[in-house]
Amino acid sequence: MTDIRINLYSDTQTLPSAAMRQAIAQAPVGDEQSHADPSVNKLCETVAELLGKEAAVFMPSGTMCNEIALRVHCRPGDEIVAERGSHIIAFEGGGPAALSGASIWPIDGERGRFSADQLQQAVRPVSRYMPRSKLVVIEQTANLGGGTVWPLEQIKAVAERAAEHQLLMHLDGARLLNAVVASGISAKQYAEPFASAWIDLSKGLGCPVGAVLAGSQAFIEEVWWWKQRLGGAMRQAGILAAAGLYALEHNIERMAEDHANARLFGERIADIPGIGIDLNTIDTNMVFFDISGTNLSGDEICQRLLQRGVRISQLGATRLRAVTHLDINRSQVIEAARALRDVCETG
Ligand SMILES: *Cc1c(COP(=O)(O)O)cnc(C)c1O
């Protein structure tokens, strides 16, 4: 197989930089599960502060942040309201059903977002015939929505309606910092209406492993029980937390470059015959486009791009996705767009 030179498959493909590895090598460490790892403690304090929450806990993955938060907020028979394309529905192995015994009411949103009125329609009347509506999950940015940024006003409107029905709010902030960089609105402002919120370190921030979940002191105490039960409590995890601390210091503002590169890629592929793309939908570092106008299948396009050293992903029968990140520069984006043009024009 040809070497992958330009990996636009996902921002999870980033590799730790030399400087990040240096920070990892120098990290003071201790026993994380006894709260004795100074690097983990510092990371948790930093993220709690960033998100404006009382406390935070270091997790092996974003999936564990979502699943434990849902488990703490919900009881079996409760119902979660989320957008249909959300990660908890699409990519967590049925976790909400398996681990929390919760059903999910999917809202058909607009690019991964929904309105307060749509939430209203999803909320169950209080009746013992029905599940109990308990929790609203919002993804910022909305991944399958297109890396979409939820406007703060829309979040507030949804949160107000949720409060009227005594529903809690959970923020899947895997790419919250992309939204922060794209909008100029702080992470704290975005996270304010949520009982729990988390950020991923292993996406655009460029760390090898980890995510941090934040909330009230009481919430985080409950989270720790589940982290322990599920085997997520760690030992000298400061090795990993040091990468997170490095990333929070050096890799946030630079995501503006990823957003500019995503836009550039979109612009360069927009006039390829058979490619359907709306440039107005590129909010952050993701470019989704439709290939039904070409004579090729999504799989064929991905394979032919791979032969040219370019990797992208397929998310839907005719829907492909390219994601920019810190290991992708401007000229690589231009080259990837040229490769796609070549594939589509030569078949
Ligand atoms: C990646 C992702 C997750 C899960 O994070 P992992 O660290 O890969 O477990 C959850 N939600 C969204 C929106 C994501 O993109």
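This chain uses plain numbering: 1 for the first residue, then up along the sequence. Here the structure is a predicted model, which is why all the values come from computation and not from measurement. When a ligand or atom number is given, it counts from 1 through the structure's own listing order.
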Every pair of nitrogen or oxygen atoms between ligand 1 and the protein that is under 3.5 angstrom apart - can you list them with their distances to 0.1 Å?
residue  : atom   : partner : partner atom : Å
ligand 1 : 5 (O)  : D200    : OD2          : 3.0
ligand 1 : 7 (O)  : G62     : N            : 2.8
ligand 1 : 7 (O)  : D200    : OD1          : 3.4
ligand 1 : 7 (O)  : D200    : OD2          : 2.7
ligand 1 : 9 (O)  : G62     : N            : 3.3
ligand 1 : 9 (O)  : T63     : N            : 2.8
ligand 1 : 9 (O)  : T63     : OG1          : 2.7
ligand 1 : 11 (N) : D172    : OD1          : 3.1
ligand 1 : 11 (N) : D172    : OD2          : 2.6
ligand 1 : 15 (O) : N143    : ND2          : 3.2
ligand 1 : 15 (O) : R175    : NH1          : 2.8
ligand 1 : 15 (O) : K203    : NZ           : 2.9

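Screening residues 234-262 for ring-ring contact (aromatic ring centres under 6.0 Å, His included) gives Y246-H250 as the qualifying pairs, with residues at least two apart or on separate chains.
Chaining together hydrophobic side chains whose heavy atoms lie under 4.5 Å apart places M130 alongside Y129. Grouped with L168 in one hydrophobic cluster are L70, I80, I88, I89, I104, L135, V137, the linkage being side-chain heavy-atom contacts under 4.5 Å among Ile, Leu, Val, Met, Phe, Trp and Tyr residues.
Look at E335 and R338 and you find no salt bridge, because none of the NZ, NE, NH1 or NH2 atoms lies under 4.0 Å from a carboxylate O.
A donor atom on one side chain and an acceptor atom on the other are found under 3.5 Å apart for H73 and S196. Neither side chain, D117 nor S115, offers a donor N or O lying under 3.5 Å from an acceptor on the other.
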